[in-house]
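All remarks here apply to the structure that follows.
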Protein chains: 2
Amino acid sequence: MAWNLQSDRPIYTQILEQIQTRIISGCYKPGEKLPSVRELAAEANVNPNTMQKAFAELERSGLISTQRTSGRTVTEDTSMIEQLKNQMAVSQIQSFIDAMQQLGYSKEEIYNLVTKTLRGGNE
Amino acid sequence: MAWNLQSDRPIYTQILEQIQTRIISGCYKPGEKLPSVRELAAEANVNPNTMQKAFAELERSGLISTQRTSGRTVTEDTSMIEQLKNQMAVSQIQSFIDAMQQLGYSKEEIYNLVTKTLRGGNE
DNA sequence: ATTATTGTATTAAGTAGATAGTACAGTAAT
DNA sequence: ATTACTGTACTATCTACTTAATACAATAAT
């Protein structure tokens with residue numbers, strides 16, 4: 001999975017979210033060692049300080065932990081990961097429906113549009 | 001409808017979007033005169049310059065127009081408004097589904113979660 | 001004519017985010 | 001011991017966003 005960074009929001013926030021997503025989707029597995037700050041920064045075409053800032057946040061939440069000089073690892077607490085997954089899903093759904101309703105779509109219309117889109121797409 | 005402004009994105013961008021939403025949802029009607037920059041700025045608890053910046057963007061898109069000294073009005077081009085509504089809806093749906101799939105949810109799971117949420121909510 | 005209100009422009013200041021460059025301390029591998 | 005890699009810290013600089021405080025020209029209302 002590639003890094004997808006826009007300029008309309010802080011980069012470190014987007015990196016934070018995308019690392020979370022990678023952990024949740026199993027791209028980075030529980031207990032697995034993460035690439036180094038410098039490596040990931042190069043990969044994302046970002047300053048190491050920016051990547052570092054994202055990691056600092058991730059650690060406050062407990063999702064990853066640091067072994068001072070040998071790198072970082074994803075938490076082995078799978079229930080924590082599962083919980084975060086649910087949280088993010090609920091939040092996605094809620095803000096999606098809110099936005100659609102504010103545009104003036106009824107529940108039924110939202111339902112129909114989602115159904116139609118899900119049918120149409122690939123895979 | 002109240003202003004909902006977060007600090008994680010530029011204020012003027014959020015104002016821009018929310019004015020678009022108000023026009024699309026009919027809160028500000030086609031041809032209607034808009035409140036002044038200063039008035040809206042006070043209402044949103046924001047500097048007039050920030051509100052002005054949002055309006056400048058809205059004008060580039062043609063959604064509103066300016067009568068130099070008597071204020072601004074919403075476009076009367078209802079098909080333009082309708083088109084913007086569709087655009088924003090499609091974009092909402094797409095990025096919602098993308099985000100869910102990246103979290104690891106299948107189309108069927110997305111469908112079920114959306115259905116369940118739509119059933120549960122109010123109104 | 002005067003007054004108030006409109007959009008608009010300008011300058012200055014403060015803040016947050018991002019980059020660049022450098023440095024240090026701890027550990028693993030050799 | 002040396003080397004290479006790790007996270008971490010620090011300073012300086014640049015840009016974008018936001019606020020503040022004015023100011024001006026055009027029009028609507030009086």
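Every chain is numbered from 1 and lettered A, B, ... according to where its sequence line falls, protein lines coming before strand lines.
Taking atom CG of B:Leu40 as the reference point, atom P of C:dT6 lies 10 Å away to the nearest angstrom. Computed from coordinates, the A:Asp8 CG to D:dT15 P distance equals 20 Å when rounded to whole Å. A:Leu34 has its CG atom 13 Å from the C1' atom of D:dT6, to the nearest Å. Here C:dT8 presents its P atom at 14 Å from CE of B:Met51, a figure rounded to the nearest Å. Distance, B:Arg9 CZ to C:dT15 C1': 19 Å, rounded to whole Å. For B:Arg60 and C:dG7, the CZ to P distance is 19 Å, given to the nearest whole Å. Rounded to an integer number of Å, the gap from CD of B:Glu57 to P of C:dG7 is 17 Å. If you measure from atom CD1 of B:Ile64 to atom C1' of C:dG7, you get 11 Å, rounded to the nearest angstrom.
Along DNA chain C, the nucleotide nearest B:Gln52 and the nucleotide nearest A:Lys53 are compared for position; the residue whose nucleotide lies closer to the 5' end is B:Gln52. Comparing A:Gln14 and B:Arg72 along DNA chain C, the residue whose closest nucleotide (by nearest heavy atom) sits nearer the 5' end is B:Arg72.
The phosphate of D:dT6 (OP1 or OP2) has a side-chain N or O of A:Ser36 nearer than 4.0 angstrom.
Under a cutoff of 6.0 Å and an axis angle of 45°, A:Lys85 and B:Tyr105 form a cation-pi pair.
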What is the per-nucleotide protein-contact pattern of nucleotides 21-30 of chain C, from the 5' end, where B denotes a base atom under 4.0 Å from a protein heavy atom, S denotes such proximity for sugar-phosphate atoms only, and - denotes neither?
B-B--BS---
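In summary, of the residues considered (B:Thr73, B:Leu63, B:Ile64, B:Ile23), a side chain to side chain contact (heavy atoms under 4.5 Å, CB included) with B:Tyr28 occurs for B:Ile23 alone.
For residues 39-49 of chain B, the pairs satisfying side chain to side chain donor-acceptor pair (under 3.5 Å) are B:Trp3-B:Glu43, B:Asn47-B:Asn49, with sequence neighbours left out. The ring-ring contact (aromatic ring centres under 6.0 Å, His included) pairs that include a residue from residues 46-103 of chain B are A:Phe96-B:Phe96, where partners are two or more places apart or lie in different chains.
Legend: residues meeting salt bridge (Lys or Arg N to Asp or Glu O under 4.0 Å) with A:Glu82, ordered by chain and number and at least two apart, are absent. In this view, A:Arg9 and A:Glu17 satisfy the salt bridge (Lys or Arg N to Asp or Glu O under 4.0 Å) rule, not counting sequence neighbours. Taking A:Glu76 as the reference, nothing meets the salt bridge (Lys or Arg N to Asp or Glu O under 4.0 Å) condition, with sequence neighbours excluded.
Using a 4.0 Å heavy-atom cutoff across all strands shown, A:Phe55 reaches no nucleic acid atom at all. B:Gln67 comes within contact range of no nucleotide atom at all, as no heavy-atom separation falls under 4.0 Å.
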